[in-house]
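Fair warning: this is a prediction, and the values are worked out from it, not measured in the lab. Sequence lines set the chain letters: A, B, ... in the order given, protein chains first and strands last, and positions in each chain run from 1. Any value given below was found using the heavy atoms of this structure, including those in side chains, with hydrogens, waters and symmetry copies removed.
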Amino acid sequence: KQEVTQIPAALSVPEGENLVLNCSFTDSAIYNLQWFRQDPGKGLTSLLLIQSSQREQTSGRLNASLDKSSGRSTLYIAASQPGDSATYLCAGRISSGSARQLTFGSGTQLTVLP
Amino acid sequence: ETGVTQSPTHLIKTRGQQVTLRCSSQSGHNTVSWYQQALGQGPQFIFQYYREEENGRGNFPPRFSGLQFPNYSSELNVNALELDDSALYLCASSAGPEGETQYFGPGTRLLVL
């Protein structure tokens, strides 16, 4: 059974700082990994999707990496802004029957202080 | 292009009642997945519907059931509600069941008293 862990559960940084969020997974037979952002009481916004054949994906100030051998993914946020404050969730998908369900971590709650 | 929509946004029920939640998938998407998110936790996979058939199920009891319609919209039904069913219910649509990006709706907040 795939398990996904995110540490730390909460992180507070000053504006302008570069930061890294961590995600680890137990099953290296991962099909892809997706990073999401969730604002309080809201749904999930997809940030980046990394296929198992890829090492990283970039979108603006965000860069996500995937290392299947070590069971880790990181989300790098450059020049953080107060608007980046949210909970960040990673979710891995493995071949599970035909559904390829997303298995989520519990998230890292990020606060960027002005 | 319209995104994923869900209704209602909030709902209050009492234990033992039944509830139906609705989801309209994004245009061009044929797959809908449902997730339950308890407070402070990541979403947990309930089940997926692909072309009107259930296409995989997580560790949820049979009182959680669903439907998908020819227009690919979907319903989640929960019978015999329990207090622990209180959560944010999220649906996600995708262009297929096999690893495509899932796009989430805003969720339905269910409170069971």
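Surrounding CD of B:Q36 are more than 12 heavy atoms belonging to other residues, nucleotides or ligands, all under 6.0 Å away. Within 6.0 Å of the NZ atom in A:K42, the count of heavy atoms belonging to other residues, nucleotides or ligands does not exceed 12.
For residues 103-113 of chain B, heavy-atom neighbours of chain A at less than 4.5 Å comprise B:F104, B:G105, B:P106, B:R109, sorted by residue number. Using a 4.5 Å heavy-atom cut-off against chain A, no residue of residues 14-22 of chain B qualifies as contacting.
For A:Q38, the part lying near chain B is the side chain, with the backbone staying farther off; criterion is any non-hydrogen pair under 4.5 Å. Only the side chain of A:L89 comes within contact range of chain B, with at least one heavy atom under 4.5 Å from a heavy atom of that chain. Residue contact with chain A, scored on non-hydrogen atoms closer than 4.5 Å, involves the side chain of B:Q37 exclusively. Of the two parts of B:T101, the backbone and the side chain both hold a non-hydrogen atom closer than 4.5 Å to a non-hydrogen atom of chain A.
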Which donor-acceptor pairs under 3.5 Å do the side chains of residues 66-74 of chain B make with protein atoms, sequence neighbours left out?
unit_1	atom_1	unit_2	atom_2	d
B:Q68	OE1	B:R51	N	3.2
B:Q68	OE1	B:E52	N	2.8
B:Q68	NE2	B:N30	O	3.3
B:Q68	NE2	B:Y72	O	3.2
B:N71	OD1	B:S73	N	3.0
B:N71	OD1	B:S73	OG	2.8
B:S74	OG	B:W34	NE1	2.9
B:S74	OG	B:L67	O	2.8

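A side-chain contact (heavy atoms from CB on, under 4.5 Å) with B:L81 holds for exactly one of B:D85, B:N79, B:D84; it is B:D85.
Here the shortest heavy-atom pairing between A:F36 and A:A91 reads CE1-CB, 4.1 Å. The two atoms that bring A:I30 and A:S52 nearest to each other are O-CB, 3.1 Å, heavy atoms only. Across all their heavy atoms, B:Q26 and B:V4 have their closest contact at N-CG2, 4.0 Å.
Sorted by first and then second residue, the salt bridge (charged side-chain N to carboxylate O under 4.0 Å, His left out) pairs with a member in residues 26-37 of chain A read A:R37-A:D39; sequence neighbours excluded.
Aromatic ring centres of B:Y49 and B:F47 lie closer together than 6.0 Å.
For the residue pair A:W35 / A:S73, a side-chain donor-acceptor distance below 3.5 Å is found, with atom types taken as modelled.
For the pair A:R61 and A:D84, the salt-bridge criterion is met [side-chain N within less than 4.0 Å of a carboxylate O].
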